[in-house]
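For the single chain, residues carry numbers from 1 onward in sequence order. All values derive from a computational prediction rather than experimental measurement. These numbers come from the heavy atoms of this one structure, side chains and all, not from hydrogens, waters or symmetry mates. Just so you know, ligand 1 is whichever comes first in the structure, and atom 1 is the first atom listed for that ligand.
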Amino acid sequence: MNKPEILVIDDEVEVGTFFQYYLEEEKNYPVAVANSGREARELLGSRSFDLALVDLKLPDTDGISLLREIKENNPGCEVIIMTGYSTIKSAVEAMKLGAFDYIDKPFDELEELDELLDRALQSVKNKHRYINEELDRLTSEFGIVMAENSPMKDLLILCKKVATRKISVLIEGETGTGKEVLARFIHANSPRAGHPFIGVNCGALTETLLESELFGHEKGAFTGAQGMRPGIFEVAHHGTLFLDEIGEATPSIQVKLLRVLETGEFFRVGGSRPIKTDVRVLAATNTSLREAVKDKLFREDLLYRLDVVCLCIPPLRQRPMDIMPLAGYFIEKNLPEGEKHLKVAFSPEAVEILQKYDWPGNVRELSNVVARAMAFREGETMGPECLPRYLAAGRGSFPDRGPGTPPEMEEAVRDWARRLTEAVLSRKNIDLDAFSRALKREVDGMIRGIIDHTLEKTGFSQAGAAKLLNISPRTLRYLRNERGK
Ligand SMILES: Nc1ncnc2c1ncn2[C@@H]1O[C@H](COP(=O)(O)OP(=O)(O)OP(=O)(O)O)[C@@H](O)[C@H]1O
Ligand SMILES: [Mg+2]
């Protein structure tokens with residue numbers, strides 16, 4: 001922790017002046033002063049404090065309400081209540097609500113005040129140390145990185161709570177936000193940790209393949225099924241099954257999933273004997289399943305089965321405090337063994353670009369950008385020249401434009417139209433078949449280019465690219481396979 005930040009809230013101007021003199025001049029701690037509840041709330045909303053000295057009586061509010069607000073929004077901050085009319089009742093109430101201690105005004109004994117401040121600041125330091133140790137442990141054990149004040153912290157606390165119980169959890173989040181990371185974290189913190197964690201991507205396989213992957217098949221169930229093969233519901237017995245991109249499951253798979261979740265039993269493809277299974281299901285989606293239910297694309301009863309607890313991971317642009325800690329982690333990860341002693345970092349200009357960009361591909365995109373910058377780096381400092389150019393363009397760069405046509409494509413289409421018009425006008429004998437074949441080749445090439453570019457940006461996540469292009473993963477697969485030929 002750097003120097004602790006202290007806030008003094010008191011309507012008596014002299015009290016503020018006293019602390020400013022005493023703590024800033026004598027002890028060298030930065031102090032902010034608020035003379036009313038309104039001023040205090042403004043300051044508390046704009047930055048975070050480590051210690052607050054709060055007067056019990058204020059003109060526009062009271063110290064107890066402020067204490068409550070501080071503990072709710074900034075639990076790491078210690079609060080000392082100051083009171084001129086000390087009554088045991090309000091002091092006890094304050095302590096119950098989490099105040100560190102209380103002190104009577106005026107401060108007759110400077111020693112007493114000193115001792116109290118030292119104790120409170122020591123407690124703040126211990127909390128910071130504890131939080132940092134926890135963060136280090138998350139990184140070393142689970143590869144999870146976040147800032148001290150990241151909203152991810154509350155999410156992980158919730159994950160730990162739900163981990164111990166066999167309830168279904170739905171993880172929602174844009175592409176690359178860390179849905180799988182969170183699912184593995186839940187599994188690792190659950191009593192099932194010693195059993196398998198198996199993930200299956202419902203959007204990556206055809207319906208038949210997915211069905212046989214999930215439930216297995218009997219010998220001869222279909223052409224090519226030469227032997228019996230157990231499905232994931234069997235293999236993951238006692239463990240955790242991670243159903244990724246659950247929104248892509250077809251209606252027939254949805255019915256089968258619902259049945260196994262309700263009864264704990266399923267049939268192998270081509271089988272007639274029910275098989276019992278005990279798996280904990282975690283599902284992930286980067287589209288809104290509620291919307292899909294409204295559009296009749298997803299079964300409501302299955303949604304309720306899966307969504308006992310819903311964890312929503314905020315996109316990286318909504319937690320900018322995580323960007324630089326994550327970048328630091330990826331730098332470390334990308335340094336070759338012999339170079340771990342180097343102090344590789346981004347220059348202030350590069351940091352500004354990284355912080356302003358809106359990261360449509362989230363943590364995965366950041367990880368790719370850092371890896372690329374490391375490849376381009378010359379010394380220990382990586383400047384803007386190591387970053388892809390589209391980053392500096394900031395918000396609204398290509399992937400965020402959704403389904404719009406990129407300018408180069410518009411240009412090419414216009415060119416083709418011009419050539420066709422010219423041919424018609426000059427009454428040339430044109431071979432329309434050849435013309436349309438050539439046009440198709442060019443359009444396919446352009447579509448491939450756009451898809452490749454988008455895939456690169458999402459770290460080759462098909463689901464992520466499909467989302468950015470505003471098409472379904474199925475369409476994306478079709479375009480890659482069919483049009484790419
Ligand atoms: N908090 C984090 N700390 C460190 N690495 C992270 C964090 N969150 C995500 N990552 C990394 O970012 C990448 C993407 O994470 P993950 O695969 O879990 O995302 P996702 O939400 O499942 O994405 P998609 O929707 O595309 O499947 C992974 O390499 C993962 O290790
Ligand atoms: Mg994923």
Asks: Quick check: does any side chain N or O of Glu78 sit under 3.5 Å from a backbone N or O of Ala120, one acting as donor and the other as acceptor?
Replies: no

Asks: Do other residues, nucleotides or ligands put more than 12 heavy atoms under 6.0 Å from the CZ atom of Arg165?
Replies: no

Asks: For the residue pair Thr175 and Gly464, what are the closest heavy atoms and their distance?
Replies: OG1-CA, 3.2 Å

Asks: Students should find this: residues with any non-hydrogen atom under 4.0 Å from ligand 1. What is the answer?
Replies: Gly143, Ile144, Val145, Glu174, Thr175, Gly176, Thr177, Gly178, Lys179, Glu180, Val181, Asn286, Leu326, Tyr329, Phe330, Val363, Arg364, Ser461

Asks: Measure the spacing between CZ of Arg229 and NE2 of His217 and express it to the nearest 0.5 Å.
Replies: 5.5 Å

Asks: Testing the basics here: between Glu148 and Asn132, what is the closest heavy-atom pair and its distance to 0.1 Å?
Replies: OE1-OD1, 3.4 Å

Asks: Please work out whether the ring planes of Phe266 and Phe215 are parallel, tilted or perpendicular, with thresholds of 30° and 60°.
Replies: tilted

